[in-house]
Trainee: 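After the structure tokens below, expect a handful of questions from me.
Scope of the values below: all heavy atoms of this structure, side chains included, with no hydrogens, waters or symmetry mates.
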Amino acid sequence: AAKFAAVVAFVLTAVVLWVDFFTTIGKERIRPGSIQFSLLLSRTISGTLVAAAALALVFAFPIVGTIVVAILGLWI
């Protein structure tokens, strides 16, 4: 159950991050190559990588990983 919840959380997080990225680019008319584009892209990629790391932690250490991810989720 914890692994399924972790996968669902990862997918939802990734979808929200990337939809926000493309929505912001479209709404604000941000051009590729600009500083704003680079900042948005780096924020989106780093958020996706953090979510993937949390997913990997839950899969690698099912009990301890779930507890660590829950604590980090409350802390961050």
Trainee: Report yes or no: do Ile30 and Leu39 belong to one cluster of Ile/Leu/Val/Met/Phe/Trp/Tyr joined by side chain heavy-atom distances under 4.5 Å?
Mentor: no
Trainee: Would you say Phe59 has more than 12 foreign heavy atoms packed within less than 6.0 Å of its CZ?
Mentor: yes
Trainee: Above 12 or not: heavy atoms from other molecules or residues under 6.0 Å from CG of Leu49?
Mentor: yes
Trainee: Under 4.5 Å between side-chain heavy atoms, counting indirect links through other Ile/Leu/Val/Met/Phe/Trp/Tyr residues: same cluster for Trp18 and Val16 or not?
Mentor: no
Trainee: Quick one: pull up CD in Gln36 and CG in Leu41 and give me the separation to the nearest 0.5 Å.
Mentor: 13.0 Å
Trainee: Report yes or no: do Val69 and Val64 belong to one cluster of Ile/Leu/Val/Met/Phe/Trp/Tyr joined by side chain heavy-atom distances under 4.5 Å?
Mentor: yes
Trainee: Are Ile25 and Ile35 joined in one hydrophobic group, where the rule is that I, L, V, M, F, W and Y side chains link up if heavy atoms are under 4.5 Å apart?
Mentor: no
Trainee: What side-chain donor-acceptor pairs closer than 3.5 Å can you find for residues 3-14, not counting sequence neighbours?
Mentor:
{"unit_1": "Thr13", "atom_1": "OG1", "unit_2": "Ala9", "atom_2": "O", "d": "2.7"}

Trainee: With side chains defined as the heavy atoms from C-beta onward, is the minimum distance between Leu40 and Glu28 less than 4.5 Å?
Mentor: no
Trainee: Does Ile45 share a hydrophobic cluster with Phe21, counting links as ILVMFWY side-chain heavy atoms below 4.5 Å and allowing steps through other members?
Mentor: yes
